Amino acid sequence: MGRQRAFDEDEVVRAAVRLFGGRAYDGVSVDDLVTHLGVHRNSLYKTFGSKRGLYLTALRRHLDDDVRPLAEALAAAPDAATVLSLVTSADLGLLLLAVVERAPADEEVAAEVAAALAAVDQAVADALGLSPALAGALTAAALGILLRGNPGGVAAALAPRFDRQGN
């Protein structure tokens, strides 16, 4: 009989979401994971298979816990200003880093983030009655605003433009 696991897998995955979301995949070493997650190296490999295995588990958790609820909230948004506010106030660090860092090099990550972004775009299109192209543009603008770090000012200037455009 093997030894019983000495860590809570759910807590480790949540902590990995925060770590990868703050420093990106390439910015986190296995030593960092062992130190920050409090998991022995052998346990990490036995449970997740590799750093990439833990990353994929963390990314999927982030998409389930943060991005999916955002899409659900966006589906009820009454206007573009609300869409911008919801997106720019969300914790999407891991998603954004996955898009720019891992998706170009990892087909599995690319598929996960593409599906998540498509769901967000569809929620915006459905809520606001926008064409898919305009909904995608609004989502891209909101994510760009989040990246710029000035959610209030830029979003306030941009929202009325989308509200006047319609389809």
Side-chain angles (χ1 to χ4, degrees), residues 1-77 82-124 126-127 135-136 138-152 155:
M1 182 182 252
R3 285 176 39 168
Q4 193 162 13
R5 207 178 277 166
F7 64 92
D8 181 329
E9 188 174 331
D10 192 55
E11 287 179 22
V12 166
V13 172
R14 280 196 305 267
V17 167
R18 290 188 300 274
L19 191 59
F20 286 124
R23 294 176 35 194
Y25 181 84
D26 288 336
V28 177
S29 69
V30 173
D31 287 338
D32 292 332
L33 292 170
V34 168
T35 300
H36 288 85
L37 305 180
V39 176
H40 292 282
R41 185 179 304 269
N42 290 344
S43 296
L44 184 124
Y45 283 111
K46 184 176 181 180
T47 303
F48 301 103
S50 63
K51 172 184 164 183
R52 181 178 178 275
L54 174 56
Y55 176 83
L56 287 170
T57 301
L59 177 62
R60 289 178 181 126
R61 172 66 60 83
H62 174 59
L63 298 177
D64 287 344
D65 290 356
D66 299 313
V67 179
R68 183 175 295 145
L70 172 62
E72 291 168 1
L74 291 170
T82 302
V83 167
L84 292 170
S85 176
L86 287 168
V87 173
T88 58
S89 64
D91 179 8
L92 300 177
L94 183 50
L95 173 67
L96 293 172
L97 288 171
V99 167
V100 298
E101 182 196 32
R102 298 303 309 155
D106 187 321
E107 289 180 17
E108 198 168 356
V109 172
E112 293 284 350
V113 298
L117 291 173
V120 169
D121 290 345
Q122 189 62 55
V124 171
D126 292 346
L138 180 54
T139 299
L143 293 172
I145 291 166
L146 185 58
L147 281 172
R148 287 188 69 160
N150 182 15

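Keep in mind the model is a prediction, meaning the values are calculated, not measured.
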Problem - Check: Leu54 and Leu37 side chains under 4.5 Å, non-hydrogen atoms - result: yes
Exercise for the section: Heavy atoms only: give me the nearest Phe20-Tyr25 pair and the separation to one decimal. Expected result: CD2-CA, 3.9 Å
Exercise for the section: Over all heavy atoms of both residues, which pair between Leu84 and Leu138 is shortest? Give the atoms and the distance, please. Expected result: CD2-CD1, 3.7 Å
Problem - Distance-only polar pair, side chains of Ser29 and Asp32, donor-acceptor under 3.5 Å - result: yes
Problem - Nearest-0.5 Å distance, CG of residue Leu74 to CD of residue Gln122 - result: 12.0 Å
Handout entry: Exam field: side chain Thr47 to backbone Leu44, donor-acceptor pair closer than 3.5 Å
Key = no
Completion exercise
dist Leu56:CG -> Glu108:CD (nearest 0.5 Å) comes out at 5.0 Å
Practice task
Measure the shortest side-chain to side-chain distance between Leu70 and Asp66 over non-hydrogen atoms and say whether it is less than 4.5 angstrom.
Solution key: no
Show me, pair by pair, the donor-acceptor contacts under 3.5 angstrom made by side chains of residues 90-100, not counting sequence neighbours?
none

Exercise for the section: Go through the steps to decide whether Tyr55 and Val28 satisfy the test side chain to side chain contact (heavy atoms under 4.5 Å, CB included), and finish with yes or no. Expected result: CA-CA 10 Å; Tyr55 176 83; Val28 177; over 6 Å; no
Practice task
Working to the nearest 0.5 Å, report the span between CZ of Arg41 and OG1 of Thr35.
Solution key: 8.5 Å
Problem - Arg52/Asp106 salt bridge by N-O under 4.0 Å criterion - result: yes
Completion exercise
Scanning both residues in full, the closest heavy-atom pair of Ala103 with Ala110 reads O-CB, 3.5 Å
Handout entry: Gap between atom CG of Leu63 and atom CG of Leu59 - 0.5 Å precision
Key = 4.5 Å
Fill in the blank from the handout: Correct closest heavy-atom pair for Ala127 and Ala77 would be CB-O, 3.5 Å
Practice task
Please report the shortest heavy-atom distance between Thr88 and Ala142, naming the atom on each side.
Solution key: CG2-O, 3.6 Å
Problem - side chain to side chain contact (heavy atoms under 4.5 Å, CB included) assessment of Leu143 paired with Leu117 - result: CA-CA 10 Å; Leu143 293 172; Leu117 291 173; 3.7 Å; yes
Handout entry: Donor-acceptor under 3.5 Å (Glu112 side chain, Arg60 main chain)
Key = no
Fill in the blank from the handout: For Ala71 and Ala119, the nearest pair of non-hydrogen atoms, with its separation, is CB-O, 4.2 Å
Fill in the blank from the handout: Taken to the nearest 0.5 Å, the spacing of Arg102 CZ from Asp26 CG works out to 5.5 Å
